[in-house]
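The structure displayed is predicted, hence computed values, not measured ones.
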Amino acid sequence: MCRVFQDRLVNNKDKEWFLARLNEKLHLHCQLEYSDVVNTQHLIFADFIVPMDRRYVQVSDPLVMVRVVSELLEDYNTSVDT
């Protein structure tokens with residue numbers, strides 16, 4: 001939901017408003033706080049972190065993502081003729 005709405009907000013006031021509404025709804029319907037569900041500033045999901053498994057998983061360590069992307073890029077660059 002954040003990807004659809006919050007990414008389109010242009011100032012901090014609107015983003016804070018959205019987060020407050022999200023927190024309010026989570027508490028009302030799920031008895032949870034946003035921080036109980038999301039433990040990071042930026043949620044990143046990728047389908048290339050686990051080799052041969054194309055399911056999207058949360059990237060909890062950005063350095064792992066950088067390493068995997070670098071390896072994939074290196075593999076691609078060595079397999080394509082220029």
Side-chain angles (χ1 to χ4, degrees):
M1 190 159 80
C2 290
R3 187 79 181 143
V4 175
F5 296 107
Q6 188 178 17
D7 284 3
R8 288 164 175 76
L9 301 175
V10 294
N11 61 41
N12 285 337
K13 180 181 175 189
D14 289 345
K15 290 177 183 181
E16 289 168 5
W17 173 87
F18 179 81
L19 188 56
R21 297 296 76 72
L22 185 59
N23 225 345
E24 176 185 301
K25 298 303 178 185
L26 271 171
H27 185 70
L28 177 67
H29 298 290
C30 303
Q31 292 73 47
L32 293 170
E33 298 295 322
Y34 185 75
S35 60
D36 296 335
V37 179
V38 179
N39 58 1
T40 182
Q41 174 86 21
H42 301 284
L43 283 177
I44 301 174
F45 286 85
D47 67 345
F48 53 80
I49 298 297
V50 181
M52 307 304 291
D53 184 359
R54 298 302 295 211
R55 289 182 288 174
Y56 278 86
V57 295
Q58 183 177 352
V59 178
S60 56
D61 184 352
L63 295 176
V64 170
M65 185 177 73
V66 169
R67 181 184 51 78
V68 171
V69 169
S70 295
E71 290 172 0
L72 291 169
L73 182 60
E74 186 176 324
D75 289 347
Y76 176 79
N77 285 337
T78 59
S79 68
V80 175
D81 292 331
T82 57

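- Side-chain contact between Leu9 and Phe18 is present, with heavy atoms from C-beta onward closer than 4.5 Å.
- Residue Phe48 holds its CZ atom at 6.0 Å from CE of Met65, rounded to the nearest 0.5 Å.
- Residues Asp14 and Asn11 share a closest heavy-atom pair of N-OD1, 2.8 Å.
- Interatomic distance, Asn23 CG to Leu26 CG, rounded to the nearest 0.5 Å: 6.5 Å.
- Other residues, nucleotides and ligands contribute more than 12 heavy atoms inside 6.0 Å of the CD atom of Gln31.
- Shortest non-hydrogen contact noted between Thr78 and Asp75 is OG1-O, 2.9 Å.
- Of all heavy-atom pairs between Tyr34 and Leu22, the closest is CE1-CD2, 3.4 Å.
- Both Trp17 and Leu19 belong to a common hydrophobic cluster when Ile, Leu, Val, Met, Phe, Trp and Tyr are linked at side-chain heavy-atom distances under 4.5 angstrom.
- A distance of 10.0 Å separates CZ in Arg67 from CG in Leu72, rounded to the nearest 0.5 Å.
- Atom-to-atom distance recorded for Arg54:CZ and Ile49:CD1 is 11.0 Å, nearest 0.5 angstrom.
- Here the side chain of Asp36 pairs a donor or acceptor atom with the backbone of Glu33 at under 3.5 angstrom.
- Remark: Lys13 does not engage Glu16 in a salt bridge, criterion side-chain N to carboxylate O under 4.0 Å.
- Hydrophobic clustering (ILVMFWY, side-chain heavy atoms < 4.5 Å, transitive): Val68 and Val66 are in distinct clusters.
- No more than 12 heavy atoms of other residues, nucleotides or ligands sit less than 6.0 Å from atom OH of Tyr56.
- With hydrophobic clusters built from ILVMFWY side chains whose heavy atoms lie under 4.5 angstrom apart, Ile44 shares a cluster with Val64.
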